[in-house]
There are 2 protein chains.
Amino acid sequence: MNIGDVAEKSGLPPKTIRYYEEIGLVKPLRSANGYRTFLESDVHKLAFLGRARALGFTIEDCRNLMALYEDDQRASAEVKEIAEQHLERIDKKITELEQMRATLSNLVHACAGDHRPDCPILADLAATCLDNELIENTA
Amino acid sequence: MNIGDVAEKSGLPPKTIRYYEEIGLVKPLRSANGYRTFLESDVHKLAFLGRARALGFTIEDCRNLMALYEDDQRASAEVKEIAEQHLERIDKKITELEQMRATLSNLVHACAGDHRPDCPILADLAATCLDNELIENTA
DNA sequence: GTTGACCTTCCAGCAAGGGGAAGCCCTAGG
DNA sequence: CCTAGGGCTTCCCCTTGCTGGAAGGTCAAC
């Protein structure tokens with residue numbers, strides 16, 4: 001199977017598949033003309049990777065998950081550990097974004113959004129670290 | 001004022017300040033010995049940029065926000081427009097992350113996390129795109 | 001035999017800086 | 001007067017996870 005077929009089957013672009021080979025996530029064979037030749041098991045691996053990436057796992061996580069997947073002596077605790085750490089990263093990121101969202105939302109609501117130059121958004125960005133100028137900026 | 005002082009006052013690392021000069025966000029003067037020389041207004045700008053970045057605005061957003069900040073003929077509508085678009089980006093990102101979180105959380109809870117190899121997390125990653133193998137993998 | 005769709009490699013680049021080397025500059029201490 | 005140190009400079013590579021493009025080989029069809 002050539003890379004184009006694999007791309008279609010796995011849902012990953014050819015570029016991505018070549019990249020995954022480059023970093024050692026898949027190891028396709030080569031046919032005489034230099035083309036990569038993939039087995040069904042490669043398609044399976046690539047789909048696995050695509051799914052893991054879609055869940056936000058890093059490439060390194062994917063590498064570890066793949067290794068565990070292929071090791072039938074694995075302990076599910078190891079997999080769970082990786083997933084839990086990732087869950088924490090996600091929660092942290094969500095918290096950060098919620099925080100930004102809250103601040104930004106306040107500012108947006110406070111801004112008239114008309115033709116006049118007065119703007120609480122700019123005032124906030126400008127004033128936060130410079131209390132002595134706050135009065136000038138908001139006066 | 002040299003870059004070290006500015007870094008302390010603005011809260012941005014020297015590396016970041018040099019980078020911001022490189023991409024034209026600030027334009028410090030140079031003294032005879034080649035050192036960058038910053039004015040108070042530069043510190044002010046850099047603090048503005050730091051705050052905007054902390055709210056997740058892209059560098060390009062920052063560039064536009066700075067331009068509006070320095071234009072006293074601006075319409076607050078233009079600022080609000082940038083902020084609203086950013087708010088949408090944030091909301092979209094949060095939604096994505098919540099989606100990942102939900103799926104991942106389900107998988108984590110379904111996984112025993114013990115010494116045994118059976119793992120719903122790996123099974124899900126492996127099976128999603130290959131229904132014909134689902135039975136084997138979950139059997 | 002030649003077009004056009006594949007495939008190959010390599011190079012460059014995105015965001016937004018971080019790390020570190022090699023080399024000035026400036027000041028304080030002995 | 002010399003030296004040690006800290007701060008400053010430029011330069012280039014590294015990060016994450018790809019994506020785009022150029023130059024060129026291959027293959028099946030018409």
Side-chain angles (χ1 to χ4, degrees), chain A residues 1-38 42 45-66 85-86 89-90 92-93 96-97 100, chain B residues 1-38 42 45-46 48-66 82 85-86 89-90 92-93 96-97 100:
Chain A
M1 212 177 343
N2 284 348
I3 200 168
D5 309 307
V6 178
E8 198 173 344
K9 284 198 187 187
S10 68
L12 298 176
K15 280 279 192 188
T16 299
I17 298 173
R18 290 193 193 101
Y19 174 65
Y20 287 177
E21 181 192 21
E22 189 186 327
I23 62 175
L25 286 180
V26 283
K27 304 193 196 309
L29 305 169
R30 296 289 178 139
S31 51
N33 59 12
Y35 286 19
R36 288 170 182 82
T37 297
F38 297 83
D42 291 320
K45 275 193 191 184
L46 287 165
F48 181 104
L49 292 170
R51 176 96 176 123
R53 292 287 302 132
L55 283 177
F57 285 105
T58 66
I59 292 288
E60 279 317 295
D61 281 341
C62 290
R63 198 187 297 280
N64 294 327
L65 289 171
M66 277 290 298
Q85 284 181 10
H86 180 41
R89 287 199 303 265
I90 288 179
K92 191 175 161 209
K93 191 71 187 167
E96 283 174 18
L97 287 172
M100 286 181 192
Chain B
M1 210 175 349
N2 285 346
I3 201 168
D5 308 308
V6 178
E8 198 172 344
K9 284 198 187 186
S10 68
L12 298 176
K15 280 279 193 185
T16 299
I17 299 174
R18 292 193 192 100
Y19 175 64
Y20 286 177
E21 181 192 22
E22 189 187 326
I23 62 175
L25 286 180
V26 284
K27 305 192 197 307
L29 305 169
R30 295 288 176 141
S31 50
N33 60 12
Y35 286 19
R36 290 170 182 82
T37 298
F38 296 84
D42 291 319
K45 275 194 192 184
L46 287 166
F48 181 103
L49 292 170
R51 176 95 176 123
R53 291 286 301 131
L55 282 178
F57 284 105
T58 66
I59 292 287
E60 277 318 294
D61 282 341
C62 289
R63 199 188 296 282
N64 294 326
L65 289 170
M66 278 290 297
I82 294 175
Q85 284 181 10
H86 180 40
R89 286 200 302 265
I90 289 179
K92 191 174 159 209
K93 191 71 188 167
E96 284 174 19
L97 287 172
M100 286 182 192

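Source: prediction; values computed, not measured. Chain A is the first sequence line, chain B the second, and so forth, proteins listed ahead of strands; every chain is numbered from 1. Below, all heavy atoms of this structure are taken into account, side chains as well, without hydrogens, waters or symmetry copies.
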Q) Restricting to pairs with a member in residues 57-66 of chain B, which pass salt bridge (charged side-chain N to carboxylate O under 4.0 Å, His left out), not counting sequence neighbours? A) B/Glu60-B/Arg63, B/Asp61-B/Arg89

Partners meeting side chain to side chain donor-acceptor pair (under 3.5 Å) with [X] (sequence neighbours left out):
X	result
B/Arg36	B/Glu21
A/Asn33	A/Ser31
B/Glu22	none
A/Arg18	none

Distance check needed: [N] [atom2] versus [X] [atom1], whole Å only.
X	N	atom1	atom2	answer
B/Ile17	D/dT9	CD1	C1'	15 Å
A/Arg89	D/dT16	CZ	C1'	12 Å
B/Arg18	D/dG7	CZ	P	12 Å
B/Leu29	D/dT9	CG	P	13 Å

Q.
Between B/Thr58 and A/Arg30, which residue's closest nucleotide on DNA chain C lies nearer the 5′ terminus?
A. A/Arg30

Q | Gap separating the CG atom of B/Asp42 from the NZ atom of B/Lys27, nearest 0.5 angstrom | A |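 One finds 10.5 Å between CG of B/Asp42 and NZ of B/Lys27.
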
Q: Kindly compute the distance separating CG (A/Leu25) from CD1 (A/Ile59), expressed to the nearest 0.5 Å.
A: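 CD1 of A/Ile59 is found 5.5 Å from CG of A/Leu25.
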
Report which part of the nucleic acid [X] touches: base, sugar-phosphate, or nothing (heavy-atom distance under 4.0 Å, all strands).
X	answer
B/Arg36	sugar-phosphate
B/Arg53	sugar-phosphate
A/Phe57	nothing
A/Ile23	nothing

Taking only residues two or more places apart in sequence, or in another chain, which ones meet [X] in a ring pair (Phe, Tyr, Trp, His ring centres under 6.0 Å)?
X	value
A/Phe48	A/Tyr69
A/Tyr20	none
A/Phe38	none

Q) Listed by chain and number, what are the salt bridge (Lys or Arg N to Asp or Glu O under 4.0 Å) partners of B/Lys93, not counting sequence neighbours? A)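 Testing B/Lys93 for salt bridge (Lys or Arg N to Asp or Glu O under 4.0 Å), a comparison that skips the adjacent residues, returns B/Glu96.
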
Q) Does a nitrogen or oxygen in the side chain of A/Tyr20 sit under 4.0 Å from OP1 or OP2 of D/dG17? A) no

Q: Note the angle between the end axes of the helix from C/dG1-D/dC30 to C/dG30-D/dC1, five pairs defining each, rounded to 10 degrees.
A: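 Computed from the C1' atoms at both ends, the axes differ by 30°.
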
Q | Nucleotide-resolved protein contact map, nucleotides 19-30 of chain D, B/S/- at heavy-atom distance under 4.0 Å | A | SBB---BBS---

Q: Could you list where the contact with chain A starts and ends along DNA chain C, reading 5' to 3', using a 4.0 Å heavy-atom cut-off?
A: C/dC6 to C/dC10

